[in-house]
Amino acid sequence: MRESLGENTEDRTGVNYYTDVLDLRAVWAGVWSGRGIIVGTTLLFTIAAMIYALSMPNIYRSEVLLAPVSTSDQSGITPFSGLGGLASLAGLNLSSGRADKAVLALEIVRSRAFIAEFIEKHKLHVPLAASSGWDANSEKWIIDSEIYNEAEQSWLGFGDEKLAEPSSSQLYRKFISLLSISQSKETGLVNIAIVSQSPLESKRWLSMLVEDLNEHMRRGDIQEANAIIEYLSGQIKKTPIAEMQNIFFQLIEQQMKTVMLAEVKDEYVFKVIDPPVVPEIKYGPKRAIICILGGMLGGLVSIFFVLIRYFSRP
């Protein structure tokens with residue numbers, strides 16, 4: 001070995017043993033002897049990281065800040081107040097599941113069914129699965145001709161298995177990877193963001209997503225209220241007791257209020273506090289960080305190689 005890496009010592013029993021002691025001078029000598037390799041390898045890794053970073057497309061992020069709309073905010077009164085017991089007499093439970101529509105809406109917006117409906121409604125199949133970039137000059141997606149034929153509007157093959165066209169699960173995974181949702185525990189405000197290679201599309205998709213979510217929740221409540229009205233109307237015909245008929249009429253009145261409020265309220269579950277805008281500054285990639293990390297990796301690899309070679313020499 002070029003340097004001594006240890007020394008013989010003797011314990012109290014008189015037995016000699018060998019303790020490895022790292023000699024920093026030997027390490028420095030090894031590093032210095034291979035300084036050319038270290039500098040060259042670090043530079044090579046840095047250049048490779050730079051080329052990789054420059055090849056990555058810009059990513060833009062559009063965000064929207066939402067405030068949950070409570071039931072009392074929608075009407076100025078709390079529907080079904082005092083009618084819970086009356087509804088139970090009719091076999092209905094009008095209060096369960098209505099405590100916080102925002103929680104339900106946030107679960108729905110992540111669901112496969114809602115996202116699949118969203119993609120189908122706005123025809124996002126090609127941008128999600130076949131786009132290779134965004135042309136800022138023409139403001140159009142750059143479509144991969146090996147995946148999708150724009151002229152014939154036909155799929156040529158997608159994914160590793162070369163499926164005829166992307167499946168619903170593949171489109172869901174692609175879209176959900178672009179979507180992020182968070183809610184503040186202190187204020188209850190909800191932040192939803194979409195990232196995309198297109199600043200215009202990130203804003204447009206996000207606006208449509210919030211609009212469709214409110215519409216989905218509103219449509220669901222209207223359908224539920226109409227079903228309850230139909231049920232109660234049938235019960236009125238079957239019940240000869242005037243007191244019970246009066247209860248049913250009160251319940252129907254409340255359901256009709258729900259329908260009317262839902263039909264006139266655009267921001268049904270979430271009110272937009274800070275609307276989405278077209279981002280002007282890219283969100284990623286962080287090219288400087290990629291280059292620095294590439295250089296650091298090259299330096300560590302080269303130092304490790306140089307030291308192994310240095311200390312393995314006889």
Side-chain angles (χ1 to χ4, degrees), residues 1-7 18-63 110 127-136 141-147 157-162 166 169-182 191-199 201-202 205 279-314:
M1 300 292 289
R2 288 182 177 272
E3 298 289 346
S4 174
L5 295 181
E7 59 180 2
Y18 186 81
T19 304
D20 289 328
V21 179
L22 184 63
D23 192 335
L24 296 181
R25 289 176 299 176
V27 173
W28 173 250
V31 171
W32 183 253
S33 68
R35 59 188 181 277
I37 296 176
I38 295 174
V39 172
T41 304
T42 302
L43 183 61
L44 181 64
F45 271 67
T46 303
I47 293 174
M50 185 181 303
I51 294 174
Y52 173 72
L54 292 175
S55 67
M56 299 175 66
N58 289 338
I59 301 297
Y60 297 89
R61 176 184 171 102
S62 185
E63 300 180 68
R110 297 185 181 97
L128 282 173
S131 63
S132 59
W134 174 258
D135 188 345
W141 290 105
I142 301 173
I143 304 302
D144 190 337
S145 58
E146 296 183 359
I147 298 178
F158 177 80
D160 297 334
E161 300 177 358
K162 287 299 178 183
S169 296
Q170 289 172 321
L171 291 171
Y172 168 80
R173 290 194 298 269
K174 179 66 176 178
F175 186 85
I176 205 70
S177 67
L178 308 177
L179 178 68
S180 63
I181 302 172
S182 61
N191 180 279
I192 302 179
I194 287 182
V195 296
S196 173
Q197 295 182 30
S198 165
E201 293 295 90
S202 63
W205 291 4
E280 298 179 353
I281 302 176
K282 69 179 180 66
Y283 177 72
K286 309 297 183 183
R287 293 187 173 90
I289 296 178
I290 293 175
C291 293
I292 292 173
L293 292 177
M296 292 176 61
L297 178 62
L300 292 174
V301 170
S302 58
I303 290 174
F304 186 69
F305 170 76
V306 166
L307 289 178
I308 290 178
R309 190 186 67 165
Y310 181 80
F311 287 114
S312 63
R313 292 178 179 177

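- Remark: Tyr172 OH to Leu128 CG distance equals 13.5 Å, nearest 0.5 Å.
- A donor-acceptor contact shorter than 3.5 Å is absent between the side chain of Lys174 and the backbone of Ser177.
- How far OG of Ser131 is from CD1 of Ile143: 5.5 Å, rounded to the nearest 0.5 Å.
- Put simply, the side chain of Ser196 gets close to the backbone of Ser198: a donor and an acceptor are under 3.5 Å apart.
- Pro166 and Gln170 get closest at one heavy-atom pair: CA-OE1, 3.4 Å.
- For the pair Phe311 and Val306, the minimum side-chain heavy-atom distance is 4.5 Å or more.
- Using cut-offs of 30° and 60° on the angle between ring planes, the pair Trp134 and Trp141 is perpendicular.
- In terms of heavy-atom proximity, Ala193 sits nearest to Glu63 at CB-CG, 3.6 Å.
- For the residue pair Phe45 and Gly298, the shortest heavy atom distance occurs at CG-CA, 3.4 Å.
- For the side-chain hydrogen bond (donor to acceptor under 3.5 Å, both in side chains) condition, no pair includes a residue of residues 39-55, sequence neighbours left out.
- Annotation: cation-pi pair Arg25/Trp28 absent, no NZ/CZ under 6.0 Å from the ring centroid and within 45° of its normal.
- The closest side-chain heavy-atom distance from Leu300 to Leu297 is not below 4.5 Å.
- When every heavy atom of Ser33 is checked against every heavy atom of Tyr310, the shortest pair comes out as OG-CD1, 3.6 Å.
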Could you tabulate the donor-acceptor pairs under 3.5 Å formed by side-chain atoms of residues 286-294, not counting sequence neighbours?
from   : atom 1 : to     : atom 2 : distance (Å)
Lys286 : NZ     : Tyr283 : O      : 3.1
Arg287 : NE     : Ala53  : O      : 2.8
Arg287 : NH1    : Asn58  : OD1    : 3.0
Arg287 : NH2    : Met56  : O      : 2.7
Arg287 : NH2    : Asn58  : OD1    : 3.0

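- The shortest side-chain heavy-atom distance between Ile181 and Arg110 falls under the 4.5 Å cut-off.
- Glu201 has its side chain out of reach of Tyr60: every pair of non-hydrogen atoms, C-beta onward, lies at least 4.5 Å apart.
- Within the 4.5 Å cutoff, the side chain of Ile194 has no heavy atoms near those of the Ser62 side chain.
- For Ile308, the CD1 atom is densely surrounded, since the number of other residues' heavy atoms within 6.0 Å is greater than 12.
- With Ser132 contributing its side chain and Ile142 its backbone, the two residues share a donor-acceptor pair below 3.5 Å.
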